[in-house]
There are 2 protein chains.
Amino acid sequence: MGSKERIHRLKENTRGNILDAAHEIVKEEGWQALSMRKIADKIEYTAPIIYEYYANKEAILLELTKKGFMLLACRMKEAAAQHTDLDEQIEALWLAYWNFAFEEKEYYQLMFGVEVNCCIMDELLPAGTTPYDIAAVPIAKVMGIEDTEDDRVCTKYYTYWSIIHGLISINIVRKGTSDEINRQILKDAITGITRSLRN
Amino acid sequence: MGSKERIHRLKENTRGNILDAAHEIVKEEGWQALSMRKIADKIEYTAPIIYEYYANKEAILLELTKKGFMLLACRMKEAAAQHTDLDEQIEALWLAYWNFAFEEKEYYQLMFGVEVNCCIMDELLPAGTTPYDIAAVPIAKVMGIEDTEDDRVCTKYYTYWSIIHGLISINIVRKGTSDEINRQILKDAITGITRSLRN
DNA sequence: AATTTTGTCTAACGCTGTTAAATTATTTAA
DNA sequence: TTAAATAATTTAACAGCGTTAGACAAAATT
């Protein structure tokens, strides 16, 4: 009776293949070029089969969004874990965010840029895995506040997030600006905001 | 023989109507719902007629992008003109940018958010009408630098732009955060960066 | 071995941007 | 005023899209 499980495993496998195929297509041709028929081609099936695994195209994008957030959370946690000093933790974690946005540009675009997906970020993810959940901890500590949901923490978090997401968006859209200048802005802004946490 | 001109005027008029129709549809139903056939319906023609006025759909979007930048430039200039103090000018001009993004959300989305349009912003617009051209002037003055293209000015400009564009993007995507907190972040960030211009 | 269930595909619908050809209306020339 | 030429507009079509229903074959169950 292990055949039931074998089949189940095969189905799970195909579910994953669909996601991988979609990601590949997007990396090669961009989000605009992603179509159900192309995904089907890549996994060597016909298009309607996909609807056996996902309700529709949007569901696939949502699942990819989720994967993106998971990946981002990993990178940020790893980066923070390599420092003990809180200021360094904050800088490292935001640098990881920055790097993720460009190394996994397709994910980042899906997560924040292109569409209105992901707006329900908080409901979508398990507790402790949103950027907020991760970043708010050291921020609150520096500010000497216990509750990470405190409005003052929230405000500072948004200040960080804004400048970084802003810089990223600008750089995705206009590829002109030099990397050195961007890094400079980023570091300046981060240390600047961090200093302001103590007032 | 003024009929030639009359016809020319009519054609120019239709060109404008196409743009207006597109903008209306987007305001009612969003960018995703914009189609050539809907535009044609609205101007009481059939779809192929539009290709007599614009090469394709992208050309229409590009023209709308241009209009958006023009409008934004106006708002920013007006706002700055109402103050003599440079700090106040900067704050007013960025507040105008902020307001534009929400009052003309569709334009702003087209200009920065949704697609990869507009990336050639600089080549697209007449000199002196990009946000940079406008904002760099008072920034340079406060910094005591003559050349508005100076790297130091450029860096500070991007710092402003990033945090503002970031905040806006975040707010377009996640509608949760309260207006008061956003305003607070915005003002804090702006005055903060402005102070740093003098170091 | 017959029947049910499962997996997969073909065909189709209504939508999209876009083009070519046919048709109608308008202007010009005789 | 009528005939020819030009311009304006529409109809029909193509290839692609997301999606669904129905047919068909393979596998599992009875």
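First the proteins, then the strands, lettered A, B, ... as listed; each starts at 1.
The separation between B:I49 atom CD1 and C:dA25 atom C1' is 12 Å, rounded to whole Å. Atom-to-atom, CD1 of A:I50 to C1' of D:dT20 comes out at 14 Å; the value is rounded to the nearest Å. One atom, CD of B:E44, and another, C1' of D:dT10, lie 15 Å apart when rounded to the nearest Å. Rounded to whole angstrom, the span from the CD atom of B:Q32 across to the P atom of D:dC17 amounts to 16 Å.
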Please list every donor-acceptor pair under 3.5 Å in which a side-chain atom of residues 43-56 of chain A meets a protein atom from a residue at least two apart or in another chain.
from, atom 1, to, atom 2, distance (Å)
A:Y54, OH, A:R15, O, 3.0
A:N56, OD1, A:E58, N, 3.3
A:N56, OD1, A:A59, N, 3.0

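Within residues 15-29 of chain A, no residue approaches DNA chain D, by heavy-atom distance under 4.0 Å.
For the pair B:K42 (side chain) and B:I25 (backbone), a donor-acceptor distance under 3.5 Å is absent. One N or O on the side chain of A:N99 and one on the backbone of A:L95 form a donor-acceptor pair closer than 3.5 Å.
In this structure, B:I60 and B:M36 have side chains that are in contact, with non-hydrogen atoms separated by less than 4.5 Å. For the pair B:K105/B:K27, no side-chain contact is recorded, criterion being any heavy-atom separation below 4.5 Å from C-beta on. A:L34 has its side chain within reach of A:W31: a pair of non-hydrogen atoms, C-beta onward, lies under 4.5 Å apart. By the 4.5 Å heavy-atom criterion applied to side chains, B:I18 and B:I39 are counted as neighbours.
In this pair, B:F100 and B:Y107 present their aromatic rings parallel. The plane angle is below 30°, not in the 30 to 60° band.
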**Complete:** With B for base contact, S for sugar-phosphate-only contact and - for none (protein heavy atoms under 4.0 Å), nucleotides 14-19 of chain C reads --BBBB
